[in-house]
Amino acid sequence: MTLSASTNAALAARDLKHLWHPCTQMHDHDLAGQGSVPMIPIVRGEGAWLIDADGHRYLDGISSWWTNLFGHANPRIAAALAAQATTLEHVIFAGFTHEPAIELAEELVRITPPGLDRVFYADNGSAAIEVALKMSFHYWLNQGHGEKTRFIALTGSYHGETLGALSVSDVALYRKTYAPLLLTPFLAPSPDAYEGALGESSAQTATRRLGEMRALLERHAHETCAVIVEPLVQCAGGMRMYHPSYLAGLRALCDEFAVHFIADEIAVGFGRTGSLFACEQAGVSPDFMCLSKGLTGGFLPLSAVLTSGQVYEAFYAEYSAGKAFLHSHSYTGNPLACRVALETLKIFRDEPVLERNLQLAAHLARRLHPLRAHPHVADVRQTGMIAAIELVADKRCRRPFPVAERRGLRVYLHGLQQGALLRPLGDVVYFMPPYVVSEAEIDLLVDTAIAGIERAVVD
Ligand SMILES: *Cc1c(COP(=O)(O)O)cnc(C)c1O
């Protein structure tokens with residue numbers, strides 16, 4: 001090869017020589033391959049925009065995997081991070097503590113639903129799920145119920161990709177290959193409104209699904225530690241949405257059958273669904289709440305598991321009783337990440353974030369409305385700042401396109417050409433922009449998506 005035509009190409013070539021990317025068939029990036037997918041080196045971020053090495057700009061319509069809230073390289077958060085970095089970068093979190101971790105725990109307890117009074121840190125979403133599963137199991141063990149070893153998850157759920165988190169996930173793409181290595185949860189049918197019966201309202205679907213959950217609990221509650229759900233939106237499973245009444249009903253069932261309720265708000269927390277936490281829309285407090293992604297505004301990996309004083313008490317005993325919870329990561333409670341999370345929460349306090357999101361969400365809804373009539377769109381759904389379009393081959397019977405046709409990928413490639421980062425989940429085109437997006441930027445995202453869909457549905 002002679003001199004690289006562009007900085008993008010040069011960086012991409014170096015990348016592909018040594019790196020192995022997540023959620024990627026690396027062959028897709030083979031430049032000689034048909035329908036090759038570009039590897040895009042990003043050098044800078046600014047508000048809702050990402051800028052590549054050749055100076056192209058991409059509007060980040062998916063908040064860089066649902067992490068970013070207040071824009072890339074947000075100056076407030078960056079300044080807080082810089083100040084913390086020159087003060088205390090890290091310290092062992094057993095036997096030692098620090099103010100950023102303390103203050104963040106105080107804040108999280110204050111802003112989450114009532115009853116969640118204890119905070120356990122981990123360093124990514126999957127790790128938080130591992131913590132919640134282990135803590136729930138260990139709680140029952142400490143209570144003399146070692147027979148409780150199973151979990152209940154919903155069909156279509158996604159809780160991460162480490163072995164425990166993957167065990168309670170039901171997205172075939174991620175789970176199928178590794179199934180022989182995993183725990184086997186009981187699966188309850190998701191209240192997903194898209195999968196509801198013909199003519200049934202989303203509230204009716206939720207009620208029917210609660211009946212099925214009750215039947216499962218009647219048979220298996222005695223051996224079950226917890227039910228784990230993604231409140232309101234099953235994100236990785238295709239942005240499937242359901243009625244809040246399901247969460248209220250599930251809370252009552254968990255109480256009735258003495259199993260824990262684990263709310264995985266890793267994706268939906270911090271304002272995504274319109275309320276600060278999705279559980280608020282059903283007025284429920286889970287026994288465990290897992291937070292990550294938006295927790296640091298998209299700056300650093302950090303997660304937190306919140307639980308009740310009652311759960312905490314079951315572990316609190318003389319050392320010799322051997323009841324202590326055992327789970328540690330080297331970077332538990334990292335001060336840089338905690339400081340960045342605190343600054344993110346301060347932005348929620350200082351600015352009318354949720355009110356503004358309400359207007360942005362209404363604008364997005366208006367712009368998406370016409371798509372309902374599209375011959376290849378089976379559903380347009382939205383919960384707050386998450387909106388999704390379900391592309392199908394046949395609208396009447398909701399027959400999907402064959403997976404191998406990779407229609408969604410065409411929308412992705414079209415988006416890149418037009419300066420928008422849209423990364424469909426299969427054939428579900430969705431929008432989950434940072435909260436700093438403007439109405440004009442939403443217009444750009446929607447227009448690009450519509451044009452991309454037109455290209456994607458032709459043969
Ligand atoms: C992303 C996600 C996870 C996993 O978080 P990671 O930080 O990617 O490990 C778990 N649950 C939900 C609902 C998620 O969206």
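Just so we're clear, the structure is a prediction, and the values are computed from it rather than from any experiment.
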**Prompt:** Would Arg398 and Glu195 pass as an ion pair if we require N to O under 4.0 Å?
**Reply:** no

**Request:** Could you walk me through whether Leu232 and Gln281 pass the side chain to side chain contact (heavy atoms under 4.5 Å, CB included) test, one step at a time?
**Result:** CA-CA 9 Å; Leu232 299 188; Gln281 295 187 37; 3.6 Å; yes

**Approximate separation, where rounding is to 0.5 Å, of Ile453 CD1 and Leu391 CG** = 5.0 Å

**Asked** Ser169 side chain to Val171 main-chain N or O, any donor-acceptor pair under 3.5 Å?
**Response** no

**Prompt:** Got a salt bridge between Glu46 and Arg57, using NZ or NE/NH1/NH2 to carboxylate O under 4.0 Å?
**Reply:** yes

**Item:** Carboxylate-amine/guanidinium contact Asp52 Arg44, below 4.0 Å
**Value:** no

**Request:** Output yes when a side-chain donor or acceptor of Glu265 lies under 3.5 Å from a complementary backbone atom of Cys279, and no otherwise.
**Result:** yes

**Message:** If only side-chain N and O atoms count, and only distance matters, is there a donor-acceptor pair under 3.5 Å linking Arg339 with Gln84?
**Reply:** yes

**Prompt:** According to the interplanar angle, ranging from 0 to 90°, do the rings of His327 and Phe325 count as parallel (below 30°), tilted (30 to 60°) or perpendicular (above 60°)?
**Reply:** parallel

**Message:** Checking side-chain polar atoms at under 3.5 Å, does His376 have a donor or acceptor matched by the opposite partner on Asp394?
**Reply:** no

**Request:** Classify the side-chain pair Thr205/Glu200 by whether it contains a donor and acceptor separated by less than 3.5 Å.
**Result:** yes

**Prompt:** Using the ring of each side chain (for Trp, its six-membered ring), is Tyr435 parallel, tilted or perpendicular to Phe70, with breaks at 30° and 60°?
**Reply:** perpendicular

**Request:** Assess Arg407 against Phe401: is NZ or CZ under 6.0 Å from the centre of the six-membered ring, and within 45 degrees of the ring's axis?
**Result:** yes

**Asked** Is there a donor in the side chain of His374 and an acceptor in the side chain of Glu454, or the other way round, less than 3.5 Å apart?
**Response** yes

**Request:** Flag the pair Arg110 and Asp117 as a salt bridge only when some basic side-chain nitrogen lies within less than 4.0 angstrom of an acidic carboxylate oxygen.
**Result:** no

**Asked** Salt bridge check: are Glu390 and Arg381 linked by an N-O gap of less than 4.0 Å?
**Response** yes

**Item:** Main-chain N/O of His260 paired with Asp287 side-chain donor or acceptor, under 3.5 Å
**Value:** no

**Asked** Going by atom types alone, do Thr155 and Asp170 pair a side-chain donor with an acceptor below 3.5 Å?
**Response** no

**Request:** Scan side-chain atoms only and decide if Glu130 and Thr162 contain a donor-acceptor pair under the 3.5 Å cut-off.
**Result:** yes

**Prompt:** In chain order, what residues pass the side-chain hydrogen bond (donor to acceptor under 3.5 Å, both in side chains) check against Arg423, with sequence neighbours excluded?
**Reply:** none

**Val446 vs Leu368 side-chain heavy atoms within contact, under 4.5 Å** = yes

**Pair Asp15-His21, side-chain donor/acceptor within less than 3.5 Å** = yes

**Message:** Under a 3.5 Å distance rule, please check whether Gln382 uses its side chain to pair with a backbone N or O of Ala361 as donor and acceptor.
**Reply:** yes

**Prompt:** When you check the side-chain N and O atoms of Ser64 and Asp60, is any donor under 3.5 Å from an acceptor?
**Reply:** yes

